[in-house]
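Chain letters run A, B, ... following the sequence lines, proteins first, then strands; residues in each count from 1.
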Number of protein chains: 2
Amino acid sequence: MTRPAPPPGSPPSSPPTQRDPDVGRRALRELRHRITTGVLAPGAQLHEQSLADELAISRSRLREAFARLEATGLIDRTPNRGAFVHRLTIAEARDVFQAREALESMCAGLAARNAPPESWQDLVDLFAAPTQALVEAGDFEGYLANVALFRRRMIQAAGNQTIAELLGPLLDRSAVAMRRVILATNRASDGLVQYRAVIAALRAGDAEAAEQRKRAQLHEAWAALERYHRLVL
Amino acid sequence: MTRPAPPPGSPPSSPPTQRDPDVGRRALRELRHRITTGVLAPGAQLHEQSLADELAISRSRLREAFARLEATGLIDRTPNRGAFVHRLTIAEARDVFQAREALESMCAGLAARNAPPESWQDLVDLFAAPTQALVEAGDFEGYLANVALFRRRMIQAAGNQTIAELLGPLLDRSAVAMRRVILATNRASDGLVQYRAVIAALRAGDAEAAEQRKRAQLHEAWAALERYHRLVL
DNA sequence: GTATATTAAATTGTTGACAATTTTTTCGCC
DNA sequence: GGCGAAAAAATTGTCAACAATTTAATATAC
């Protein structure tokens with residue numbers, strides 16, 4: 001049977017909006033974005049009705065999104081009390097950085113083994129003068145964007161979907177704290193040096209070095225976070 | 001305010017059953033158990049109404065459990081089609097074992113550093129004669145139980161909640177395949193040797209060796225799975 | 001008899017209403 | 001005015017009915 005014709009005037013090929021899974025995904029992305037950028041601060045409460053109204057979705061669909069955010073550790077829900085943006089403790093931050101060290105160092109090694117050395121040249125160039133200029137100009141958002149780009153490239157080159165899916169939530173969870181450290185402590189120039197070292201190892205096709213230097217980079221990042229944890233957590 | 005007295009005859013201290021979060025958790029555990037043990041085979045479809053009836057919960061609550069199972073990768077849901085027990089592909093299995101290698105080797109190192117060497121003595125003993133006897137008697141369930149015990153101890157000693165929560169789903173996902181390899185190929189005696197080596201390193205307080213040997217153990221396990229993947233996937 | 005279209009049944013997704021719980025406000029009392 | 005109990009409001013969790021979609025069954029043409 002052909003589907004009953006949509007009322008004249010409604011856009012022809014738009015999914016029936018009633019069951020479009022995309023509308024839920026959009027809301028989920030929006031919430032994740034607000035949390036990882038700090039628009040929704042750690043500890044903030046998320047009220048169902050008002051949020052649902054604002055995002056123009058029903059409460060049930062918002063709750064579906066909540067379930068996913070909870071599963072990835074971005075929010076905490078306590079029965080009958082509500083949902084709150086997850087607040088990183090110092091102990092949990094340490095755990096997260098240890099997990100990232102294990103997974104990202106493996107990624108670095110895999111990336112070095114999988115991708116041809118020449119394929120990293122553009123990142124060598126990007127992290128030389130251009131990113132240096134960004135840091136010196138105090139454009140930390142630009143710096144962070146380049147770092148994110150490198151990370152995506154590394155993870156993609158590693159070719160491990162499972163690790164990629166584990167790292168996503170871990171990066172989201174540490175995003176706010178990382179950003180605060182960068183903004184508050186001028187650590188970007190230190191970080192830049194570390195990233196250059198990792199990229200150089202990839203460019204040289206040296207998997208061992210790439211792995212080792214990614215480990216070192218995360219150790220440094222953790223040390224900085226620990227030093228300023230009263231400020232950023 | 002004191003809660004209004006329950007109708008006479010109803011068990012006094014039972015939570016109002018209407019909103020008890022435990023009932024949902026029980027159903028979730030039951031489903032996870034059925035999947036990881038293979039009672040619900042990879043690819044099997046999970047129908048909402050019949051399952052809800054069987055578990056004596058409402059459909060909405062079952063769907064909540066489905067959301068969690070999907071988030072941990074134990075089931076796949078396709079819109080309007082239903083939920084199916086996740087089926088591991090060979091490529092994904094490789095990814096999972098790489099991720100486990102990264103995380104479990106880190107755990108082994110942390111465990112060696114955190115826990116006093118003497119604390120591993122009971123596992124040294126357990127994996128000597130007693131487990132050897134189990135393997136020789138063909139009691140693979142007993143063998144797997146001991147392996148699970150060791151893993152719990154190692155993860156607990158590592159003291160990293162985040163890694164523990166990442167490993168849980170990974171272990172669940174590979175559980176069925178692992179079990180099939182053991183049962184079908186007599187690989188238990190090989191595995192036993194590897195586990196003994198890891199435990200010996202922990203007993204000696206040698207973090208480097210523990211890490212390295214855990215890596216080796218997982219490499220071996222992966223090699224076995226790859227060899228027999230047509231049989232077990 | 002096989003293939004294709006049509007109808008019916010079964011299944012999933014979403015909504016709105018209701019119940020249980022928490023939080024806020026109001027009221028009485030000292 | 002401050003403290004505590006009671007009532008009211010707001011908020012979350014659950015359910016049952018309904019809508020949308022897929023799957024199975026039936027009929028029809030060739």
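In this structure, the CZ atom of A:Arg77 is 13 Å from the C1' atom of D:dT14, given to the nearest Å. Regarding B:Leu62, its CG atom lies at a distance of 11 Å from the P atom of C:dG13, rounded to whole Å. Distance B:Phe66 CZ to C:dT12 P: 8 Å, rounded to the nearest Å. Regarding A:Leu55, its CG atom lies at a distance of 17 Å from the C1' atom of C:dT14, rounded to whole Å. If you take CZ of B:Phe84 and C1' of D:dT23, they are 11 Å apart, rounded to a whole angstrom.
The phosphate of C:dT14 has neither OP1 nor OP2 within less than 4.0 Å of any side-chain N or O from A:Ser58.
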Pick out the pairs of N or O atoms, protein on one side and nucleotides 9-12 of chain D on the other, that lie under 3.5 Å.
{"unit_1": "D:dT12", "atom_1": "OP2", "unit_2": "A:Glu48", "atom_2": "N", "d": "3.3"}
{"unit_1": "D:dT12", "atom_1": "O2", "unit_2": "B:Arg19", "atom_2": "NH1", "d": "3.3"}
{"unit_1": "D:dT12", "atom_1": "O2", "unit_2": "B:Arg19", "atom_2": "NH2", "d": "2.4"}

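Listed by chain and number, the residues in a side-chain contact (heavy atoms from CB on, under 4.5 Å) with B:Ala67 are B:Arg77 (sequence neighbours excluded). A search for ring-ring contact (aromatic ring centres under 6.0 Å, His included) contacts involving B:Tyr195 returns B:Phe150, not counting sequence neighbours.
Every pair passing side-chain hydrogen bond (donor to acceptor under 3.5 Å, both in side chains) that includes a residue from residues 139-150 of chain B is listed here, sequence neighbours excluded: B:Thr131-B:Asn146, B:Glu141-B:Arg179. Applying the side-chain hydrogen bond (donor to acceptor under 3.5 Å, both in side chains) definition to pairs two or more places apart or across chains, none involves residues 220-233 of chain B.
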Sequence neighbours left out, cut at 3.5 Å: what donor-acceptor pairs do the side chains of residues 40-49 of chain A make with other protein atoms?
{"unit_1": "A:Gln45", "atom_1": "NE2", "unit_2": "A:Arg81", "atom_2": "O", "d": "3.2"}
{"unit_1": "A:Glu48", "atom_1": "OE1", "unit_2": "A:Arg59", "atom_2": "NE", "d": "2.9"}
{"unit_1": "A:Glu48", "atom_1": "OE1", "unit_2": "A:Arg59", "atom_2": "NH2", "d": "3.3"}
{"unit_1": "A:Glu48", "atom_1": "OE2", "unit_2": "A:Arg63", "atom_2": "NH1", "d": "2.8"}
{"unit_1": "A:Gln49", "atom_1": "NE2", "unit_2": "A:Asp53", "atom_2": "OD1", "d": "3.1"}

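Between B:Asp190 and B:Arg187, no side-chain nitrogen of the basic residue sits less than 4.0 Å from a carboxylate oxygen of the acidic one, so the salt-bridge criterion is not met.
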